[in-house]
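Below, read A as the first sequence line, B as the second, and so on, with proteins coming before strands; counting in each chain starts at 1.
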Protein chains: 2
Amino acid sequence: MKILLVDDDPRLRDLVRIALERADWQVVTAADGQEALLHASREAPDFIVLDIGLPELDGFEVCRRIRQRSEVPILFLTARDDEVDCILGLELGADDYVTKPFSPRELVARIRTILKRSQKTHVPSALRHGALSLDPLAHRCQINGQEIALTAREQGILTLLLQDPARIRSRAELITQIWGAGSQVSDRTLDSHLRNLRAKLERAGGHDLIETVHAVGIRLRAVT
Amino acid sequence: MKILLVDDDPRLRDLVRIALERADWQVVTAADGQEALLHASREAPDFIVLDIGLPELDGFEVCRRIRQRSEVPILFLTARDDEVDCILGLELGADDYVTKPFSPRELVARIRTILKRSQKTHVPSALRHGALSLDPLAHRCQINGQEIALTAREQGILTLLLQDPARIRSRAELITQIWGAGSQVSDRTLDSHLRNLRAKLERAGGHDLIETVHAVGIRLRAVT
DNA sequence: AGCAGAAATCATGAGTTTTTCAAAGAGTAA
DNA sequence: TTACTCTTTGAAAAACTCATGATTTCTGCT
């Protein structure tokens, strides 16, 4: 059982780390949002403890991006009450939260509860759709058993599409999801990646998998 | 039965050495961390008695590095209580500890107990992945039955990759695991070893076994 | 059916980042 | 010494991202 602990305060990090390790969990730590995202994908943790008040990329944004790729349980650490409101208000996919200051003992108990709950409903991490399968964490994509090497952007697009194959997504939506809100990349750029992605799928035998719905967006073609 | 004794105090070293030799064990001594690591690999001891308060490389670090390569039982010598906390709190893979001052007689008894226990459960674990096999303890690597001579670093990389073949490991992660956290070696250094390792594997018929995932890391190529 | 404008696709290339490569110095063991 | 390993360094090569503008396709309208 591996836990990713994200907090910018080294003292708190050490304190919590020891508590978690006492509970017989393997701990990976990150001090900021970027590092957190990195470890979230590299280490494939089974649980994430995430502070909200991070420098640069804040906890909310980190959570949002992780949720794009994974359903790993996330517990927030918050310092202020208004942050709690945000957690509850936004649909972030948080599993629980703990307000600072807190006792490490309590934190461990909370994590145990959530893990127990989530292990029952455990979902395999790989996404599938017909002959296509994609495991974003392992960074591995196959079609008809044949491996395809995707770049980060291509995988991002395909991951989003696979999360709800029937749904049509507009370019604007894809851009927001992949590059984050307020990004400046143009529609044409997305199209370029889309083109490359399609070419790779095509080459691997997946004919016309990504369908264009004119003036609306794109989606995966229904499995026949 | 060979025992490696690591302590920076010459008096204590002699004292313990005599006790151990009375018990009919062969004794190798080291006065600091570097020397300890050296002997640990050269002499292939069956047991290690390791003082924590060593100059430069402390006992924890020495233990960590030895554990990368071997499951040899380790018993810690500690002078202070807070060090005990560390041993217990951190998952270092220590088998036991003795606080100074201690009686040599007691130490011998403890070692006997551990040896008895470990000899029963000791399983030399060779790692395999397709045609590739690696036994880190024996420092032996084969591919298609053909023996390959690996340097320490090369084996370190390959061992990590083999521990979970599907997983992609970033360069940073590999460096942390192999050289320890806070090490100063550059990514290029790792690349150099990687290059050498790949060349050796290639030469022995293992084509393109280590796969690069651009901007993410490296992993073993999936066995088809 | 044919047209105009919008939307999507395509081809290309500059700019970055990441990876690989090669050469050489320092340290260590035989 | 000689051979080998480890490490550093700098630069070449490769991969990737993104932007741009030309071209093609689509759709509603006359």
Side-chain angles (χ1 to χ4, degrees), chain A residues 34 38 41-42 139 141 148-158 161 168-176 178-180 182-203 208-219 221, chain B residues 30 32 34-44 56 65 68-69 139 141 148-158 168-175 178-180 183-203 208-219 221:
Chain A
Q34 287 298 348
L38 213 71
S41 56
R42 298 274 187 298
H139 207 282
C141 175
I148 312 176
L150 298 182
T151 71
R153 293 286 117 95
E154 288 156 9
Q155 175 170 295
I157 295 172
L158 199 50
L161 293 178
I168 305 175
R169 293 169 193 265
S170 68
R171 285 175 165 63
E173 186 188 345
L174 288 168
I175 287 173
T176 305
I178 294 170
W179 282 269
S183 84
Q184 298 294 321
V185 294
S186 78
D187 284 15
R188 282 327 110 245
T189 297
L190 174 65
D191 284 332
S192 284
H193 293 297
L194 198 51
R195 185 168 107 86
N196 297 337
L197 173 57
R198 277 171 160 153
K200 284 185 182 176
L201 292 174
E202 187 84 43
R203 230 176 296 142
D208 216 9
L209 261 123
I210 298 173
E211 182 177 24
T212 298
V213 181
H214 194 90
V216 184
I218 59 173
R219 71 170 159 202
R221 183 171 296 286
Chain B
D32 60 58
Q34 287 299 348
E35 202 179 334
L37 288 174
L38 213 69
H39 285 140
S41 57
R42 294 278 180 294
E43 303 279 344
E56 303 206 42
R65 299 218 197 159
Q68 280 176 18
R69 312 175 129 223
H139 205 282
C141 175
I148 311 176
L150 298 181
T151 70
R153 293 285 116 98
E154 287 157 8
Q155 173 169 302
I157 295 171
L158 199 50
I168 306 175
R169 290 168 193 267
S170 66
R171 286 176 166 65
E173 188 188 342
L174 288 167
I175 287 173
I178 294 171
W179 283 269
S183 83
Q184 297 295 321
V185 294
S186 78
D187 284 13
R188 282 327 111 249
T189 298
L190 174 65
D191 285 331
S192 284
H193 293 296
L194 198 52
R195 187 166 105 86
N196 297 338
L197 174 57
R198 276 171 160 153
K200 284 184 183 177
L201 292 173
E202 187 86 44
R203 230 176 294 139
D208 216 8
L209 253 87
I210 298 174
E211 180 179 24
T212 297
V213 180
H214 190 96
V216 184
I218 60 173
R219 71 171 157 209
R221 184 171 296 287

Inset, instruction - Have a look at Val185(A) and tell me which of Ile178(A), Leu190(A), Ile175(A) forms a side-chain contact (heavy atoms from CB on, under 4.5 Å) with it. - result: Ile175(A)

Inset, instruction - Starting at CG of Asp191(A), measure out to CZ of Arg198(A) and round the result to the nearest 0.5 Å. - result: 8.0 Å

Inset, instruction - Take nucleotides 22-30 of chain C nucleotide by nucleotide from the 5' end and write B, S or -, depending on whether a protein heavy atom sits under 4.0 Å from the base, only from the sugar-phosphate, or from neither. - result: B------S-

Legend entry - Helix axis bend for the helix from dA1(C)-dT30(D) to dA30(C)-dT1(D) - C1'-based end axes, five pairs, 10° rounding: 40°

Inset, instruction - Respond yes when some side-chain nitrogen or oxygen of Arg198(A) is under 4.0 Å from OP1 or OP2 of dT9(C), and no when none is. - result: yes

For nucleotides 23-30 of chain D, tabulate all protein N/O to nucleotide N/O atom pairs closer than 3.5 Å, reporting atom names and distance.
none

Legend entry - Check: Arg221(A) side chain, Asp208(A) main-chain N or O, donor-acceptor pair, under 3.5 Å: yes

Inset, instruction - Show your working on side-chain contact (heavy atoms from CB on, under 4.5 Å) between Trp179(A) and Gln184(A) and close with a plain yes or no. - result: CA-CA 9 Å; Trp179(A) 282 269; Gln184(A) 298 294 321; over 6 Å; no

Inset, instruction - Among the candidates dT20(C), dC18(D), dT8(D), find the nucleotide nearest to the side-chain atoms of Ser186(B). - result: dT8(D)

Inset, instruction - Nearest 0.5 Å please: distance from the NE2 atom of His214(B) over to the OG1 atom of Thr151(A). - result: 9.0 Å

Inset, instruction - On DNA chain D, check which nucleotide each of Thr189(A) and Leu150(A) is closest to and give me the residue with the more 5' one. - result: Leu150(A)

Inset, instruction - State the CZ-OG1 distance between Arg219(B) and Thr212(B), to the nearest 0.5 angstrom. - result: 10.5 Å

Inset, instruction - Answer with base, sugar-phosphate or nothing: what part of the nucleic acid does Thr151(A) contact at a heavy-atom distance below 4.0 Å? - result: sugar-phosphate

Inset, instruction - Can you measure from CZ (Arg171(A)) to CZ (Arg188(A)) and round to the nearest 0.5 angstrom? - result: 6.5 Å

Inset, instruction - Hey, could you give me the CG/CG distance between Leu37(B) and Asp32(B), rounded to the nearest 0.5 Å? - result: 9.0 Å

Inset, instruction - Hey, which sits more toward the 5' end of DNA chain D by its nearest nucleotide, Asp187(A) or Val185(B)? - result: Val185(B)

Legend entry - CG-CD1 distance between Leu158(B) and Ile148(B), expressed to the nearest 0.5 angstrom: 8.0 Å

Legend entry - Below 4.0 Å: OP1/OP2 of dC6(D) and any side-chain N or O of Trp179(B): no

Legend entry - Closest-nucleotide ordering on DNA chain C, the 5'-leading residue of Ala215(B) and Thr212(A): Thr212(A)

